[in-house]
Number of protein chains: 2
Amino acid sequence: MERLNLGLENGFTTLLKTCLDQKKTVLLVGRCKVDYVGRARSTLEYGDRIILVKEDGSIIVHRPYGYQPVNWQPPGSVFHIKKMGERYLLKAVRRKPQESLEVTFTHIYMIQGFSLKDEGKFSLHVTELEMKEALTLKPDLLEPGFKVLRPEKPVPPGFVDLYGLDKEGRRVVVELKRNAADRPAILQLYKYIESLGGRGAVRGVVAAPCLAKGAQRLMEQMGLEFKRVDPKECAKVLSSTDWRTRSLSEYMGERTV
Amino acid sequence: MERLNLGLENGFTTLLKTCLDQKKTVLLVGRCKVDYVGRARSTLEYGDRIILVKEDGSIIVHRPYGYQPVNWQPPGSVFHIKKMGERYLLKAVRRKPQESLEVTFTHIYMIQGFSLKDEGKFSLHVTELEMKEALTLKPDLLEPGFKVLRPEKPVPPGFVDLYGLDKEGRRVVVELKRNAADRPAILQLYKYIESLGGRGAVRGVVAAPCLAKGAQRLMEQMGLEFKRVDPKECAKVLSSTDWRTRSLSEYMGERTV
DNA sequence: CGTGCCAGGTGCCAT
DNA sequence: ATGGCACTTGGCACG
């Protein structure tokens with residue numbers, strides 16, 4: 001970590017340009033207004049905010065409350081910096097879609113550049129992908145005798161989460177949800193079934209921790225089955241075994257065939 | 001704006017606790033690892049990051065790249081601060097769902113508290129709501145002679161965006177999309193039509209700037225019509241008139257009747 | 001409070 | 001590039 005703080009007297013524009021040139025991350029705190037034009041359009045009146053300008057050309061404007069940024073521009077944006085009389089202008093533009101974010105400062109309370117080294121690995125568990133992996137390795141988690149033929153089977157409208165055979169040899173199409181299975185999930189499964197020859201030809205199974213409120217009736221109407229699957233249970237299966245380490249990622253890698 | 005920077009020697013824990021007690025926003029830059037457990041679970045190995053701790057009890061961890069935070073906890077979280085030997089611990093817990101975020105610092109490059117005053121008004125334009133407002137005020141934008149009977153008509157599965165009559169007096173159900181109308185939107189409209197007596201009884205119209213890729217065929221299959229509506233055109237209608245200022249919001253406010 | 005739907009959604013990976 | 005889809009989705013409005 002290397003720090004850069006030229007002080008405000010040295011100039012907002014100088015510091016900011018230096019940081020951007022050197023691909024440093026800049027932390028700004030100041031009183032500003034924000035105007036955004038692009039897919040939509042927004043205005044934010046003057047107030048105190050925190051602004052992050054990152055090495056990759058992204059910018060995020062945070063109010064002193066709330067989880068979400070009030071305005072932003074994604075990585076790859078191009079910055080323009082200007083001093084306009086008493087005010088400082090920071091503009092971030094991206095193309096495709098053409099969007100522009102303009103931050104106008106009346107006061108800058110803090111500006112500081114940092115060279116941050118962050119190569120730490122991030123890993124997320126208990127995702128739908130992990131559920132799919134677990135069910136591929138231990139299909140019994142879905143039902144005894146179930147065999148996975150293909151995870152991510154492509155069908156005309158999209159991708160089936162799991163495709164396999166039950167112990168009687170019938171084809172099974174599985175729609176997997178990490179959260180409660182809702183109406184859209186069920187309708188999606190139904191579409192897949194239709195494109196695979198209809199209900200007579202394949203079994204339709206919704207695998208999820210539970211069903212959403214209105215989903216039960218829809219399930220029955222469409223003649224689909226619900227199988228309870230616990231995401232944490234799936235994650236545990238993966239972490240408790242070491243078969244995952246290599247063999248699974250390879251196996252899952254073949255799903256595109 | 002009031003600034004608080006006691007310096008590191010004064011103690012990470014002291015400063016942080018003071019800031020949280022006084023409901024200040026804290027900016028932190030340091031080398032840390034992050035562990036999250038809750039709906040899912042994640043680990044982030046050591047690296048340099050920026051942490052925002054806001055007045056409302058939210059915390060956001062940013063890597064030096066990317067638009068999205070790598071870890072976070074929403075407003076209302078409860079913080080626990082501890083010094084563990086050479087390391088500093090910042091833990092944010094929320095209930096419902098029960099989730100915990102733990103940031104462990106080995107180095108703190110900067111820590112600073114700010115009392116930020118931000119009452120600036122934020123407004124976003126050209127939302128789906130504004131399109132609906134525009135079409136309600138100028139139904140001709142949809143098609144000549146169209147009349148809106150009710151925005152947001154409630155039907156068993158949900159709410160119809162616009163409900164009205166065409167110039168021949170036929171009932172029209174409109175599904176409105178600010179972006180390209182996709183399959184789910186079309187299926188949704190179809191559900192509404194079924195619950196209103198089926199295709200013979202009402203016209204089904206998808207109003208959007210354009211159709212998503214595979215949507216055309218589905219539209220035809222279901223016997224629905226597509227009407228191009230330009231969000232910018234809608235915005236112009238709203239901005240070029242001042243009828244919006246009060247009267248419309250009141251009118252729209254009655255939609256729940 | 002749960003439930004449903006929108007978002008400047010974003011991100012990831014597929015063809 | 002575009003399409004399909006998950007996300008610790010978050011957010012809001014409504015029953």
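Here the structure is a predicted model, which means the values were calculated and not measured. Letters go in sequence order (proteins before strands), and every chain restarts at 1.
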OP1 or OP2 of C:dG8 versus the side-chain N and O atoms of A:Arg94: is any pair under 4.0 Å?
no
Quick one: label A:Val37 by what it contacts on the DNA or RNA (base, sugar-phosphate, nothing), any heavy atom closer than 4.0 Å.
nothing
Under 3.5 Å, is there an N or O donor on one side and an acceptor on the other linking the side chain of A:Gln68 and the base of D:dG10?
no
For A:Trp72 and C:dG8, say yes or no: do the ring centres fall under 5.5 Å of each other while the ring planes differ by less than 30°?
yes
Counting the atoms with a prime plus P, OP1 and OP2 as sugar-phosphate, which does A:Thr127 contact under 4.0 Å by heavy atoms, base, sugar-phosphate, or nothing?
sugar-phosphate
Using a distance-only criterion (donor-acceptor N/O pair, under 3.5 Å, no hydrogens), is the base of D:dT8 paired with the side chain of B:Asn71?
yes
Pairwise P distance, C:dG8 and D:dC5 [rounded to whole Å]:
23 Å
Name all pairs fulfilling the side chain to side chain donor-acceptor pair (under 3.5 Å) condition that reach into residues 73-82 of chain B, sequence neighbours left out, sorted by first residue then second.
none
Looking at every strand, decide which applies to B:Glu99 at a 4.0 Å heavy-atom threshold: base, sugar-phosphate, or nothing.
base
Output yes when a side-chain donor or acceptor of A:Glu99 lies under 3.5 Å from a complementary backbone atom of A:Arg39, and no otherwise.
yes
Residue mapping more 5' on DNA chain D - nearest nucleotide basis, A:Lys191 or A:Tyr67:
A:Lys191
Which part of the nucleic acid, if any, lies within reach of A:Gln98 when heavy atoms closer than 4.0 Å are counted: base, sugar-phosphate only, or nothing?
nothing
Where each residue is assigned the nucleotide of DNA chain C containing its nearest heavy atom, which of B:Gly66 and A:Gln73 is assigned the position nearer the 5′ end?
A:Gln73
What's the gap between D:dC7 and D:dG11 when it is taken at their C1' atoms, as a whole Å value?
14 Å
Here's a test of your reading of the structure: between B:Arg178 and A:Asp182, which maps to the more 5' nucleotide of DNA chain C?
A:Asp182
Check: protein-nucleotides 2-4 of chain D nitrogen or oxygen pairs below 3.5 Å:
none

Counting only side-chain nitrogens and oxygens, does A:Arg39 get under 4.0 Å of the OP1 or OP2 atom of C:dC6?
no
Taking only side-chain N and O atoms of B:Asn179, does any of them lie within less than 4.0 angstrom of OP1 or OP2 on C:dC6?
no
Considering residues at least two apart in sequence or located in another chain, which fulfil the side-chain contact (heavy atoms from CB on, under 4.5 Å) criterion with A:Lys227?
A:Leu142, A:Glu143, A:Arg203, A:Val205, A:Glu225
